[in-house]
Amino acid sequence: MTYRLFEGKEHSSIYQKYRFVPPGEVKDIILQYLDKKKGRPRVLAVDLGCGTGQHSRVLAPHFREVVGMDVSKCQLEEAQAVPGYPNITYREGTAEVLPFPDGSVDLLTAASAAHWFDQRQFLAEASRVLKPKGCIALLGFNDNFRIHYQACGDRLSHIYEEVKQALLPYTSSQVAVANNKLEELFCAIPFPDKERAECIEVKHLMSVRNLMGFMESWSMFQAYRRKDQKAAEGLLLSAQKRFLEQMGVTSPDTEMELNMEYFCILASKPE
């Protein structure tokens with residue numbers, strides 16, 4: 001099944017502006033694993049569920065060619081509008097039907113997207129298109145991150161969790177797959193050579209305004225907005241007001257520190 005939850009033009013613009021860029025720490029783990037298992041040259045990386053291209057652009061300096069794939073035409077238009085990456089091409093398509101010859105791909109990767117894939121069909125296609133010793137790298141982050149700002153970080157984290165709870169009735173079951181760090185998908189990978197990188201700690205500086213934008217990009221917030229736009233927008237306005245009150249500031253551009261934990265599933269196709 002292909003999930004189509006990120007396709008609107010407005011949602012795609014929000015996604016481009018506010019979603020996290022995968023950190024260099026995770027990129028380095030992926031490249032080191034690929035070099036160890038397959039070796040160089042790094043020719044073709046395919047970024048599945050690429051959205052607006054954040055992960056594709058991180059990979060671009062390290063591969064001869066990067067192909068970003070997504071089901072959303074609007075997301076791909078946002079990705080294509082970013083200049084300066086001549087070795088990236090974007091294609092509309094799914095992780096379950098890959099337009100690549102057998103044994104042609106060095107790296108198949110996805111950033112905060114693999115929980116939307118049909119597990120069986122994706123793994124069959126991965127086995128087909130990867131080169132011998134080619135690698136899968138599926139990354140994500142633990143959404144229960146910690147917010148720090150002077151002495152009120154715990155209170156800010158609590159407000160953030162309250163927003164998530166309010167959106168729970170609109171949350172897809174596939175989000176729970178992501179929150180479980182893709183454990184079922186990891187177990188299903190048919191390659192004997194596989195491992196997990198856990199608890200990769202990363203710090204982000206983020207303004208209150210951008211944190212609200214990040215929450216606005218969630219699929220569950222968009223589902224709530226489709227049902228009751230006024231209530232959904234009120235939820236974020238209230239959260240922003242409470243953040244500013246707790247922080248004792250008036251500007252939503254005031255920055256906080258977010259402590260996040262990333263994970264990455266790694267696997268290498270047998271020779």
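Scope of the values below: all heavy atoms of this structure, side chains included, with no hydrogens, waters or symmetry mates. Since the model is a prediction, treat every value here as computed from it, not as a measurement.
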Student: Got a second to check how far Q246's CD is from I147's CD1, nearest 0.5 Å?
Tutor: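 Q246 atom CD to I147 atom CD1 measures 11.5 Å (nearest 0.5 Å).
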
Student: Could you tell me whether E198 and R196 have a side-chain N and a carboxylate O separated by less than 4.0 Å?
Tutor: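 Looking at R196 together with E198, the answer is yes, because their closest N to O distance falls below 4.0 Å.
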
Student: Ion pair present between E162 and R242, side-chain N to carboxylate O less than 4.0 angstrom?
Tutor: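 Between R242 and E162 there is a salt bridge, with a charged N closer than 4.0 Å to a carboxylate O.
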
Student: For the aromatic rings, using the six-membered ring if either is Trp, is the centroid distance between Y160 and F145 under 6.0 Å?
Tutor: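 Ring centroids of Y160 and F145 are less than 6.0 Å from each other.
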
Student: Determine whether F221 and T171 make a side-chain contact, defined as any pair of heavy atoms from C-beta on separated by less than 4.5 Å.
Tutor: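 SC-SC contact between F221 and T171 ruled out.
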
Student: Consider only side-chain N and O atoms of S56 and Q54, and report whether a donor and an acceptor are under 3.5 Å apart.
Tutor: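 S56 vs Q54: no donor-acceptor pair found between side chains.
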
Student: Whether K133 and D193 form a salt bridge (side-chain N of Lys/Arg under 4.0 Å from carboxylate O of Asp/Glu) is what I want to check.
Tutor: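 A salt bridge is absent here (no side-chain N lies under 4.0 Å from a carboxylate O).
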
Student: Judged by modelled atom types alone, do E161 and Q165 share a side-chain donor-acceptor pair under 3.5 Å?
Tutor: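 Distance-only check fails for E161 and Q165.
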
Student: For K131 and K269, what are the C-alpha separation, side-chain angles and deciding distance, and is it a side-chain contact (heavy atoms from CB on, under 4.5 Å)?
Tutor: CA-CA 7 Å; K131 295 175 180 178; K269 179 180 172 178; over 6 Å; no

Student: According to side chain to side chain donor-acceptor pair (under 3.5 Å), who are the partners of R91, at least two apart in sequence or on a separate chain?
Tutor: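 So R91 forms no side chain to side chain donor-acceptor pair (under 3.5 Å) with any residue.
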
Student: Could R128 and E125 be called an ion pair, given the rule that one side-chain N must be under 4.0 Å from one carboxylate O?
Tutor: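 Salt bridge between R128 and E125, a charged N being under 4.0 Å from a carboxylate O: yes.
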
Student: Holding to side chain to side chain contact (heavy atoms under 4.5 Å, CB included), I want the full list of residues that pass it with P169, two or more places apart in sequence or in another chain.
Tutor: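 Scan of P169 (side chain to side chain contact (heavy atoms under 4.5 Å, CB included), adjacent residues dropped) gives none.
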
Student: In this structure, which one of L266, L34, D106, L31 forms a side-chain contact (heavy atoms from CB on, under 4.5 Å) with C135?
Tutor: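 Single pass found, and it is L34.
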
Student: Knowing that exactly one of R57, Q80, E65 qualifies, which makes a side-chain contact (heavy atoms from CB on, under 4.5 Å) with I88?
Tutor: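 Of all the options given, the one that passes is R57.
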
Student: Under the side-chain contact (heavy atoms from CB on, under 4.5 Å) rule, what do L211 and M256 come out as? Steps first, then yes or no, please.
Tutor: CA-CA 9 Å; L211 181 60; M256 311 160 289; 3.8 Å; yes

Student: With a 4.0 Å cut-off, would you call K73 and E92 a salt bridge?
Tutor: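 Salt bridge flag = no for E92 with K73.
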
Student: Is atom CG of D154 surrounded by more than 12 heavy atoms (other residues, nucleotides or ligands) closer than 6.0 Å?
Tutor: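 Not more than 12 within 6.0 Å, no.
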
Student: Output the distance between atom CD1 (I30) and atom CD (E25), rounded to the nearest 0.5 Å.
Tutor: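 Rounded to the nearest 0.5 Å, the CD1-CD separation comes out at 12.0 Å.
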
Student: Checking L98 against L108 for the side-chain contact (heavy atoms from CB on, under 4.5 Å) test, could you report, in this order, the C-alpha distance in whole Å, the side-chain angles of both residues, the deciding distance, and whether it holds?
Tutor: CA-CA 11 Å; L98 298 177; L108 273 180; 4.1 Å; yes

Student: Between R146 and E257, does any side-chain N to carboxylate O distance fall below 4.0 Å?
Tutor: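 Between E257 and R146 there is no salt bridge, as every charged N stays at least 4.0 Å from the carboxylate O atoms.
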
Student: Identify, with sequence neighbours excluded, every residue that meets salt bridge (charged side-chain N to carboxylate O under 4.0 Å, His left out) alongside K194.
Tutor: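 Scan of K194 (salt bridge (charged side-chain N to carboxylate O under 4.0 Å, His left out), adjacent residues dropped) gives none.
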
